[in-house]
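Data first, discussion second: the structure below is written as structure tokens.
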Amino acid sequence: MVRQLSWALLACGCRMPSPIALPQEKMATEKPVTPTEEQLEILEYNFCKVNKHPDPTTLCLIAAETGLSEEQTLKWFKQRLAEWRKSEGLPSESGSVRD
């Protein structure tokens with residue numbers, strides 16, 4: 001399993017997750033991209049059926065499948081999660097549930 005996952009990561013050109021976060025200015029300089037209908041189908045499927053909080057490896061594989069960058073994919077998931085939380089009447093921040 002590990003061998004297959006490593007091969008899949010190398011095949012899709014994904015970086016291995018690192019403990020260093022991306023600088024904010026790098027994310028800010030990236031041009032906004034509107035996903036195509038096909039990309040949206042893949043993103044929505046993964047959000048609804050697979051995981052609303054994908055780990056870095058899964059995020060990398062989703063990015064490779066859609067053709068979007070990892071940063072664009074992460075941004076889409078964050079925005080979609082905020083939209084979902086709002087529609088469910090949940091607090092905007094996770095971990096802020098009050099008794």
Side-chain angles (χ1 to χ4, degrees):
M1 176 71 176
V2 173
R3 209 179 266 169
Q4 289 176 332
L5 184 56
S6 297
W7 181 84
L9 290 172
L10 291 173
C12 72
C14 296
R15 300 184 302 265
M16 291 302 289
S18 70
I20 301 170
L22 291 171
Q24 289 296 333
E25 60 265 9
K26 181 176 180 183
M27 290 183 79
T29 59
E30 195 169 301
K31 294 178 184 177
V33 174
T34 304
T36 65
E37 194 171 316
E38 184 178 328
Q39 289 169 327
L40 282 174
E41 285 179 21
I42 295 167
L43 292 166
E44 282 291 339
Y45 174 82
N46 281 283
F47 183 84
C48 295
K49 304 280 186 193
V50 180
N51 192 349
K52 289 177 178 39
H53 304 276
D55 61 75
T57 303
T58 305
L59 192 72
C60 176
L61 294 172
I62 294 169
E65 187 178 358
T66 59
L68 298 170
S69 71
E70 291 175 60
E71 292 80 12
Q72 292 165 331
T73 306
L74 178 61
K75 184 177 179 179
W76 184 89
F77 268 89
K78 285 182 176 182
Q79 290 174 339
R80 182 64 178 88
L81 183 61
E83 181 182 304
W84 176 80
R85 292 182 69 78
K86 186 176 180 180
S87 73
E88 294 291 315
L90 297 170
S92 60
E93 297 176 15
S94 59
S96 64
V97 178
R98 300 182 184 129
D99 296 79

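Residues: numbered from 1 along the sequence shown.
Remark: E83 engages no residue in a side chain to side chain donor-acceptor pair (under 3.5 Å) (not counting sequence neighbours). Applying the side-chain contact (heavy atoms from CB on, under 4.5 Å) test to E88 and every residue at least two apart in sequence or in another chain returns W84, L90.
For the atom pair E38 CD and E65 CD, the distance stands at 9.0 Å (nearest 0.5 Å). Once rounded to the nearest 0.5 Å, the distance linking CG of D55 with CG of L61 reads 8.5 Å. How far CD of Q72 is from CG of L43: 10.0 Å, rounded to the nearest 0.5 Å. The NZ atom of K78 sits 12.5 Å away from atom OG1 of T73, with the distance rounded to the nearest 0.5 Å.
Residues I42 and L74 are members of separate hydrophobic clusters, defined by side-chain heavy-atom contacts under 4.5 angstrom among Ile, Leu, Val, Met, Phe, Trp and Tyr. The same ILVMFWY cluster, assembled from side-chain heavy atoms under 4.5 Å apart, contains both I62 and L40.
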- [ ] In sequence, state the C-alpha distance, the side-chain angles, and the governing distance for R80 and K52, and then conclude on side-chain contact (heavy atoms from CB on, under 4.5 Å).
- [x] CA-CA 9 Å; R80 182 64 178 88; K52 289 177 178 39; over 6 Å; no
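The shortest side-chain heavy-atom distance between T58 and N51 does not fall under the 4.5 Å cut-off. The shortest distance between side-chain heavy atoms of F77 and L59 falls below 4.5 Å.
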